[in-house]
Amino acid sequence: MIRKIFVSVIIFFFFIVGLGWYLLITPTKDLNKVSITAAPKPVVVLAIDSLMDQPLKKAIDEGKAPALEFLMKHGQYLPEMVSSYPTMSVTIDSTLLTGTYADKHKIPGLSWFKQDENRLISYGGGKSEMWNLGIKNVVRDGLIELNETHLNKNIPTIYEELAKSHIQSASINGLIHRGDQTHRLHIPTLVSGMNLLPQDVEVNGPALLSMGSLSQFNPENDRYNYVWQSMGINNQFTSNELTYFIQKDKLPAFTLAYFPNLDQQVHEHGPKEQKGIEEVDKQLQTILNAYSSWDDAIQKAIWIVHGDSGQSAIIKDRNKALIDLNTLLDEYTFWNPDQPSNKELALAVNERMAYIYIQDERIEISDITSKLKTDSRIDFIAWKKDNISYVLAEGSDKPFTFSPNGPYTDQYGQSWDLKGDRSVLDLSVNEQNEINYDDYPDALARLYGALHSHEGQYIIVDAKPGYEFVGTHSPNHAGGAAHGSLHKIDSEVPLIITGTDQAPKHQRLVDFKDWLVELTK
């Protein structure tokens with residue numbers, strides 16, 4: 001998925017500030033001054049944005065992804081790992097690094113409404129959305145507040161967990177990077193002088209924190225951190241940094257390296273996009289070539305390659321593809337930054353899912369759901385009251401309800417109380433009261449997580465495959481692909497494990513943290 005926090009926000013931000021940015025020399029950190037203890041067999045996680053099973057297999061079958069093929073042939077391949085929800089980068093990364101869903105880590109999506117501040121939080125999006133919310137606000141939320149204040153401080157990240165055992169780690173271009181050490185980012189005087197960011201920006205991260213041109217180690221990456229190269233938030237930069245760590249014998253016990261480029265290509269060209277996989281494979285070849293041989297690489301390190309979300313092809317006809325929530329709910333007034341008070345509703349659109357916030361207590365939830373039900377492109381509508389979650393779908397007059405701790409148990413050992421038409425979430429229950437998921441993997445826990453992820457009275461809407469929500473300023477991907485939904489098309493991603501026989505307890509990204517900590521220790 002798009003790394004919008006940097007790729008579409010910070011890039012655009014620095015671009016409008018002035019192209020003089022690229023004439024400035026980006027200072028590099030001296031890796032030799034960082035005390036890194038060599039690990040006997042470090043764990044390296046290669047996160048490839050929007051990597052999906054079918055195009056991956058096709059690229060391998062055609063001989064166009066030799067590095068991925070090598071890792072797959074010498075390891076385990078699990079093609080149906082379950083992502084987080086909403087299937088948006090910041091929420092998924094928060095889940096992977098904290099081992100919790102959104103009800104615990106508290107990052108509800110790329111876009112959400114912060115009730116106590118009466119404002120819409122966005123970590124990135126289209127240019128129109130950024131202008132509307134204020135570029136300064138979007139950049140600060142994505143660059144500083146996401147990790148420092150929004151991510152639940154009571155839930156440790158994998159970096160913090162490892163640090164408790166005095167184990168060092170590294171993050172390269174990761175969105176969620178909170179660790180136990182303070183790092184100063186490189187902010188150009190041009191930017192701080194316009195009061196868009198303070199000159200001294202400090203963030204918390206692991207022992208090694210690389211964030212494009214804001215924080216880099218490899219001096220050769222000056223060639224790959226210009227504005228038009230996403231300021232270093234790109235595959236080549238990530239590859240160069242990781243290779244540099246290996247060559248300098250500074251690879252810590254755990255490293256997460258993010259490869260963002262494929263996502264944008266899938267958004268534009270659709271879920272069958274294969275060229276981006278071939279391109280990222282070339283970077284992986286470079287990394288493996290940092291060893292005496294590829295066999296040596298998998299002997300000396302554990303390699304884990306995974307996608308973060310899938311994507312659904314979006315119908316080309318905009319009139320059919322795009323579900324305009326402003327039009328659908330046009331009898332209500334909507335929050336906007338110019339007139340934030342006394343509005344009835346607020347919208348936070350996350351591509352194929354959206355949060356609809358009821359700001360006026362006189363409005364009943366049923367008033368909104370009755371309007372939403374008229375659009376057959378909406379897959380389901382959900383809301384909560386106390387600890388009970390309610391779900392409606394097309395053709396259902398009475399909501400299906402569920403809550404934790406009941407007589408029904410799913411394959412993940414989670415127990416639930418279920419009432420009503422289970423087909424709304426494509427659930428089935430056998431004679432042993434065991435829940436089976438189909439179109440919506442781990443549906444109950446993931447949806448519960450989103451419904452309890454932040455304060456406020458809100459409704460969740462999820463789109464059927466092929467469709468996408470839009471608001472006044474949100475971008476769209478008609479004719480391309482998008483994600484965000486609970487559906488398995490958006491939610492199932494591949495995993496390659498090479499160098500160990502161990503695997504996560506369950507085939508879910510939420511189970512990664514415990515597994516990775518155990519592998520590293």
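- Partner of V470 under the side chain to side chain contact (heavy atoms under 4.5 Å, CB included) criterion, out of V349, N476, I323: N476 alone.
- For the residue pair L97 and K513, the shortest heavy atom distance occurs at O-CD, 3.7 Å.
- Counting all heavy atoms, side chain and backbone alike, E351 lies closest to A482 at OE1-CB, 3.4 Å.
- Heavy-atom neighbours of K371 NZ from other residues, nucleotides or ligands within 6.0 Å: at or below the threshold of 12.
- Counted by atom type alone, S453 and D103 present zero donor-acceptor pairs between their side chains at under 3.5 Å.
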(request) Kindly indicate, with the supporting measurements, whether the criterion side chain to side chain donor-acceptor pair (under 3.5 Å) is fulfilled by N261 and Q265. (result) CA-CA 7 Å; N261 293 27; Q265 293 162 309; over 6 Å; no

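- Closest non-hydrogen pair, K29 versus S215, comes out as NZ-OG, 2.8 Å.
- Between H177 and H183, the distance separating the two ring centers is not shorter than 6.0 angstrom.
- In this structure, the side chains of Y412 and Y437 come closer than 4.5 Å at one or more pairs of heavy atoms.
- Remark: E117 CD is packed, more than 12 non-hydrogen atoms of other residues, nucleotides or ligands lying under 6.0 Å away.
- When side chains are defined from C-beta on, L146 does not count as touching D141, because their heavy atoms never get closer than 4.5 Å.
- The pair R184-E202 meets the salt-bridge criterion, since a charged nitrogen lies less than 4.0 angstrom from a carboxylate oxygen.
- Atom NZ of K104 has 12 or fewer neighbouring heavy atoms from other residues, nucleotides or ligands inside a 6.0 Å radius.
- Using modelled atom types, one finds a donor on one side chain and an acceptor on the other under 3.5 Å when comparing S491 with R446.
- No side-chain donor from either of H506 and Q411 sits under 3.5 Å from a side-chain acceptor of the other.
- Donor-acceptor pairing under 3.5 Å is lacking for the side chains of N342 and Q359.
- Nearest approach of S50 to D308, heavy atoms of both residues: N-OD1, 3.0 Å.
- Between Y159 and L256, the closest side-chain pair of non-hydrogen atoms falls below 4.5 Å.
- With salt bridges taken as basic N to acidic carboxylate O contacts below 4.0 Å, none links D462 and R352.
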Residues 383-393, side-chain donor-acceptor partners within the protein, below 3.5 Å, at least two apart:
unit_1	atom_1	unit_2	atom_2	d
K384	NZ	L451	O	3.0
N387	OD1	Y448	OH	2.7

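- When all heavy atoms of P504 and I497 are compared, the closest pair comes out as CD-CD1, 4.1 Å.
- L509 is not listed as a side-chain neighbour of V82, based on a closest heavy-atom distance of 4.5 Å or more.
- Applying the side chain to side chain contact (heavy atoms under 4.5 Å, CB included) criterion to I489, with sequence neighbours excluded, gives S312, P465, H487.
- Ring centroid separation for the pair H454 and Y355 comes in under the 6.0 Å cut-off.
- D511 has no carboxylate O lying under 4.0 Å from a charged side-chain N of K505, or vice versa, which leaves the two without a salt bridge.
- The shortest distance between side-chain heavy atoms of Y85 and T95 does not fall below 4.5 Å.
- For the residue pair S309 and D490, no side-chain donor N or O sits within less than 3.5 Å of a side-chain acceptor on the partner.
- At least one side-chain heavy atom of W416 sits less than 4.5 Å from a side-chain heavy atom of P404.
- Side-chain atoms of I176 and L151, non-hydrogen and from C-beta on, do get closer than 4.5 Å to each other.
- With 3.5 Å as the limit, one finds a donor-acceptor pair spanning the side chains of W112 and Y123.
- Between the side chains of Y332 and N326, no donor-acceptor pair is found at a separation under 3.5 Å.
- Judged purely by distance below 3.5 Å, without hydrogens or angles, the side chains of Q216 and S210 never pair a donor atom with an acceptor atom.
- Checked options Y258, W515, F512; the residue passing with H306 is F512 (criterion: ring-ring contact (aromatic ring centres under 6.0 Å, His included)).
- The shortest side-chain heavy-atom distance between N204 and E148 falls under the 4.5 Å cut-off.
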